[in-house]
Amino acid sequence: MVAAISSRWLGALLCAAALIGLGAPGPTQAQDYPVKPVRLVVGTAAGGVVDIRARKLGPRLGEILKQPIVVDNKPGASYTIAAEHVARSAPDGYTVLFGGNNELVVVPALGTPIRYDPLKDFIPVAQFSLGYGLIVAHAGLGVRSIPELIAWARANPGKLLCGTAGHGSGQHFTCELLARAAGIEVRSIHYKGTGPMLVDLASGQVHIGMGFLAELDRQYIQTGKALPLASLSNARLARFPQVPSMTELGYAGFERKSWTGLFVPAGTPKPIVDKLNAAVARAVREPEMVAWLAETGSEAVTPNPEQFRNFARDELERWRKLSNDFGIKAEQ
């Protein structure tokens, strides 16, 4: 009888231990990570710049981690659907946000209602890329430099149309800053993403826009549909050494960073965060990845998680200040 009771108690204890183990990853599970495919959640549809970068990094991460990396596109609501999904996922390292400045910096800075905290609900794992864009003009506009663009705008007051990826986007801020800095009238025309804006720029529906090399170079610049006027960085881009930066032209404050990185839900064990960080760091140091990022106007950067957290926090504060200075807030 005692033996039977002891046996029953032992079985119950073992079941309880198993259930506890299923609830959250323990030290052994974290060190064995990953033991199944990892989902890399992206807030854009397939073919966008962030998606392109995720699909470039994903296969190499899979080789390093010895598990498949599945890119899971969850577009919509200015990237925030994907971010909310990851924030609410189990903190086990198998649902990872491949995101950046839009859903974690720009949208929160504008005061957009979101159901996650960009600082508290995520652990920044590893930054992947840091890039700078270009101001481009419709080829038929007849301008080939920023001074020529400003002269055109002054000769045609109120007619310069600046395409953006949407209200409150980085392009929107750049259009407004250009108007202030140059003392010209600029009308911002908002689209649902950079892709459709560039299609209209190529056909002359808008006169100028901003984008990154991954989306601009082959399809628009190399085909002659758009002309690069200036880089949105403090220096010239390696791909276009003949194109000056706005800083070089004497216009301050035009530096526009576009960055991507990996984020996991708060509560994810440190061994998992460290393993993912090491895998990204290894991938971005490889010559092929460095060359690919340079070709698309970016550089490889992989700070440790704490440095990445500080970077993201500083960017959020910077955009909040820009939002207040320009009076650009979320549309109600």
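None of the values given here were measured: they were computed from a predicted structure. Basis for what follows: all heavy atoms, side chains included, without hydrogens, waters or symmetry-related copies.
Follow the hydrophobic side-chain contacts under 4.5 Å out from Phe212 and you never reach Tyr191; the two are in separate clusters. Cluster membership for Met246 and Leu237, using ILVMFWY side-chain heavy atoms within less than 4.5 angstrom, is shared. Cluster membership check: Leu201 shares its hydrophobic cluster with Val199, using side-chain heavy-atom separations under 4.5 Å among Ile, Leu, Val, Met, Phe, Trp and Tyr. Criterion: ILVMFWY side-chain heavy atoms under 4.5 Å apart, direct or through other members. Under it, Phe254 and Leu227 are not part of a common hydrophobic cluster. In the hydrophobic clustering of ILVMFWY residues, with side-chain heavy atoms under 4.5 Å counting as a link, Phe326 and Val106 come out together.
Side-chain contact, Thr194 with Gln171: a donor N or O sits under 3.5 Å from an acceptor N or O. No side-chain donor from either of Glu299 and Ser129 sits under 3.5 Å from a side-chain acceptor of the other. Defined by atom type and a distance below 3.5 Å, a donor-acceptor pair is present between the side-chain atoms of His85 and Arg39. For the residue pair Ser233/Ser231, the side-chain donor-acceptor check at 3.5 Å is satisfied.
Here the two rings, on His190 and His167, have centers that are under 6.0 Å apart.
Within a 6.0 Å radius of CZ in Arg187, other residues, nucleotides and ligands contribute 12 heavy atoms or fewer. Counting non-hydrogen atoms of neighbouring residues, nucleotides and ligands closer than 6.0 angstrom, the CZ atom of Arg144 reaches no more than 12 such neighbours.
The distance from the CG atom of Leu65 to the CG atom of Leu276 is 6.0 Å, given to the nearest 0.5 Å.
With respect to Lys321 and Glu317, no salt bridge is recorded, no charged nitrogen being found less than 4.0 Å from a carboxylate O. Between Arg239 and Glu295 there is no salt bridge, since no side-chain nitrogen of the basic residue lies less than 4.0 Å from a carboxylate oxygen of the acidic one.
Here the side chains of Phe98 and Asp72 are not in contact, with every heavy-atom distance at 4.5 Å or above. Val264 is not listed as a side-chain neighbour of Leu97, based on a closest heavy-atom distance of 4.5 Å or more.
Judged by the 6.0 Å and 45° rule, Arg309 forms no cation-pi pair with Phe122. With Trp319 as the aromatic partner, Arg256 meets the cation-pi criteria of under 6.0 angstrom to the ring centre and within 45 degrees of the ring axis. Geometric assessment of Lys36 against the ring of Tyr94 yields a positive cation-pi assignment under the 6.0 Å and 45° thresholds.
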Identify all side-chain donor-acceptor contacts of residues 50-60 below 3.5 Å with residues at least two apart in sequence or on another chain.
residue	atom	partner	partner atom	Å
Asp51	OD1	Arg55	NE	2.8
Asp51	OD1	Asn73	ND2	2.9
Asp51	OD2	Gly47	N	2.9
Asp51	OD2	Arg55	NE	3.1
Arg53	NH1	Thr296	OG1	3.1
Arg53	NH2	Ser298	OG	2.9
Arg55	NH2	Asn73	OD1	2.7
Lys56	NZ	Glu288	OE2	2.9
Arg60	NE	Glu286	OE1	2.8
Arg60	NE	Glu286	OE2	3.0
Arg60	NH1	Glu63	OE1	2.8
Arg60	NH2	Glu286	OE2	2.8

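Ring geometry for Phe263 versus Trp259: interplanar angle of 30 to 60°, hence tilted.
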Go through the steps for Glu176 and Ser188 under the test side chain to side chain donor-acceptor pair (under 3.5 Å), then give the verdict. CA-CA 8 Å; Glu176 298 298 324; Ser188 295; 3.2 Å; yes

